[in-house]
Amino acid sequence: MTGSTHLPVGAEAIRDKGYWLAYRFLILRRLSQAFFLSLFLLGPWFGIWWVKGNLSGSLTFDVLPLTDPFIALQGVVAGHWPEMTALIGALIVGAVYALIGGRLYCSWVCPINPITDAASWLHRKLDLPKGWQPKRGTKYFMLAMVLGVSVLTGTVAWEFVNPISMLHRGLIFGAGFAWALVIGVFLFDLLLARRGWCGHLCPVGAFYGLLGSKSLLRVTTQKRAACDDCMDCFAVCPEMQVITPALRGKDADTPLILSPDCTNCGRCIDVCAVDVFHFTHRFDETPAPGRVRDRTNPAPKVGKAA
Amino acid sequence: MSTQPKNPARRRFLQDAARGTAGCAVAGMTLAWFVQDARALPDRAIRPPGALPEDDFLAACIRCGLCVRDCPYDTLVLAELGVDGAATGTPFFTARDVPCEMCEDIPCVAACPTGALDKELTDIDDSRMGLAVLIDQENCLNALGLRCDVCYRVCPVIDEAITLERRHNERSGHHAIFMPVVHSDHCTGCGKCEKSCVLPGEAAIKVLPIRVAQADQAEHYKRSWEENTPLVDEIIDLPDRLPGTGTDNLAAPGGFEPTFKLPQGATTGGIGQ
């Protein structure tokens with residue numbers, strides 16, 4: 001443990017790299033989320049109908065159909081084989097996320113992400129106890145449960161409660177009391193379970209994680225030898241368990257973060273003052289020596305002072 | 001007495017699996033209850049043209065709202081949570097607010113990516129969104145003997161879906177009542193009659209879901225005016241009642257005389273009088 005452990009999260013990165021590099025991916029992600037939302041809002045707000053529909057299903061420029069593959073899957077198990085338009089849309093979306101990065105959806109597109117990020121930020125500011133932490137496998141049980149209920153009730157079951165659809169559709173078509181669910185997720189993450197919803201329970205995230213388990217875009221800890229144990233990456237990472245195998249790996253272990261839980265949010269890259277992390281592809285085999293740590297070789301003091 | 005399990009990993013796996021399954025069962029039952037609760041479609045929410053039967057519809061509709069977007073008259077809306085009774089995010093319309101204008105190209109059906117609105121529907125006159133019912137025959141102006149006729153006149157399938165049936169006006173004794181009568185074989189359930197009913201507030205004629213508006217046919221009653229087949233397969237030749245001893249055929253020889261006398265004029269019974 002080094003002195004920099006006690007600095008506020010990201011303080012070193014801001015000091016060493018500047019504000020932009022220390023918040024680059026956070027800002028880009030917020031822009032991406034705003035971009036995808038605004039595409040859908042251009043129509044209802046300004047009458048520019050480039051994109052019609054919502055995240056469940058949409059039509060872009062009157063030619064490109066897109067469908068949420070998880071919703072399409074629920075429909076299929078519920079007993080309705082969708083028409084070609086929806087199938088093609090689901091295949092396109094599924095292929096893109098399977099190829100690039102499954103939970104890219106979670107951190108770069110999903111409208112609930114800013115909500116749970118805000119809850120997490122406030123949680124850290126208020127220094128609240130982490131609360132209920134369901135096991136990592138819980139979301140897969142949730143996924144199985146949703147598909148099971150879809151089969152049993154013959155409905156697209158998750159869409160009766162899905163806070164993502166509720167929020168997104170609410171913004172585009174009118175919300176009703178959908179806000180209550182969104183506030184519920186925020187309060188759940190803030191008071192009951194730190195990072196509880198997206199990482200532990202949401203079956204949509206679980207689905208996209210499985211979908212992208214072999215996807216290309218990966219964060220690597222290639223310069224892990226430079227890690228000074230400031231722990232900032234663990235503090236900002238919504239799925240902190242994915243970092244350890246790569247960051248703490250020995251020479252022979254891959255520096256790539258290969259867990260399907262990683263959302264490719266890039267916050268670890270932002271907050272690392274010594275640039276351990278960067279984006280790469282899953283076939284990147286650049287050698288990445290692990291850290292050598294013992295009493296005679298303490299952690300390198302890369303930061304100027306701490 | 002507590003002992004260390006022989007195989008802690010197995011013990012942990014079994015415990016986790018049991019806990020996960022139990023959690024799933026609880027969450028699943030909650031979700032299933034919620035789904036079951038939310039799938040009850042209110043009678044005033046009319047699904048778009050070509051919508052599959054409600055059970056199939058909820059398996060097919062992904063709630064994307066593309067039908068709503070392509071509806072040129074803003075008839076269709078997506079149900080909002082806790083505001084509208086239909087399942088959240090599914091399309092419906094309220095006939096008294098904005099009825100279906102029955103576009104010939106049926107853009108809502110064309111827009112549906114999943115087939116929740118059935119592409120088999122190519123002629124809007126074949127759609128059966130619901131069925132109009134003259135539900136308040138006490139306040140309907142035509143039923144009172146006045147000439148309103150508005151529902152009849154706005155009907156896109158005029159003279160087929162709604163006809164005016166002439167009846168005798170018992171109240172005045174010498175006027176007619178022009179009673180609007182809906183015919184289910186032509187009514188599409190578009191709701192234009194309900195929308196334009198001149199009564200303030202609720203309409204006297206309302207579009208209801210077919211499941212509410214229409215009864216099942218009584219299959220076990222023959223409709224002789226529709227099918228000409230006799231009740232029995234062939235004519236049964238019952239034995240003729242021949243005159244003779246022991247019968248009540250008084251006019252025939254061998255008939256017996258009753259022991260009592262009928263009043264005068266009826267002594268010989270019915271036959272031959």
Exceeds 12 heavy-atom contacts within 6.0 angstrom, atom CZ of B:Arg19: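 Atom CZ in B:Arg19 is not crowded, with 12 or fewer foreign heavy atoms closer than 6.0 Å.
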
Nearest 0.5 Å, please: how far is [atom2] in [Y] from [atom1] in [X]?
X: A:Thr85; Y: B:Leu66; atom1: OG1; atom2: CG; answer: 10.0 Å
X: B:Thr114; Y: A:His80; atom1: OG1; atom2: NE2; answer: 4.5 Å
X: B:Leu31; Y: A:Thr155; atom1: CG; atom2: OG1; answer: 7.5 Å
X: A:Glu83; Y: B:Leu117; atom1: CD; atom2: CG; answer: 9.0 Å

With a 4.5 angstrom heavy-atom cut-off, which part of [X] approaches chain A: side chain, backbone, both or neither?
X: B:Asp84; result: neither
X: B:Thr21; result: both
X: B:Arg63; result: both
X: B:Val77; result: neither
X: B:Cys112; result: backbone

Which of [options] touches chain A most, by non-hydrogen pairs under 4.5 Å:
options: B:Val83, B:Thr90, B:Leu58; value: B:Leu58
options: B:Gly20, B:Ala32, B:Ala111, B:Ala116; value: B:Gly20
options: B:Cys24, B:Gly65, B:Ala38; value: B:Cys24

With side chains defined as the heavy atoms from C-beta onward, is the minimum distance between [X] and [Y] less than 4.5 Å?
X: A:Asp68; Y: B:Ile62; answer: no
X: B:Leu81; Y: A:Trp179; answer: no
X: B:Cys64; Y: A:Lys52; answer: no
X: B:Thr88; Y: A:Phe160; answer: no

Could you report the tightest heavy-atom contact between [X] and [Y], atom names first, then the distance?
X: A:Phe173; Y: B:Glu80; value: O-OE2, 3.7 Å
X: A:Phe141; Y: B:Asp16; value: CZ-O, 4.5 Å
X: A:Val156; Y: B:Ala59; value: CG2-O, 3.5 Å

Region of [X] in contact with chain B, defined by heavy-atom distances below 4.5 Å:
X: A:Thr67; result: side chain
X: A:Val149; result: side chain
X: A:Leu87; result: neither
X: A:Lys135; result: side chain
X: A:Leu152; result: neither
X: A:Thr153; result: both

Applying side-chain contact (heavy atoms from CB on, under 4.5 Å), run through A:Ile172 and B:Arg69 and close with a yes or a no. CA-CA 11 Å; A:Ile172 297 167; B:Arg69 288 300 179 228; 3.2 Å; yes

B:Asp56 side chain to A:Gly79 backbone, donor-acceptor under 3.5 Å: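 Checked: no pair found.
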
Out of A:Gly170, A:Gly43, A:Gly154, A:Ala144, which one racks up the most heavy-atom pairs below 4.5 Å with chain B?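 Of the options given, most contacts go to A:Gly154.
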
Against chain B, work out which of A:Gly137, A:Gly53, A:Pro44, A:Ser150 has the most heavy-atom pairs shorter than 4.5 Å and name it.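 Top count of heavy-atom pairs under 4.5 Å with chain B: A:Gly53.
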
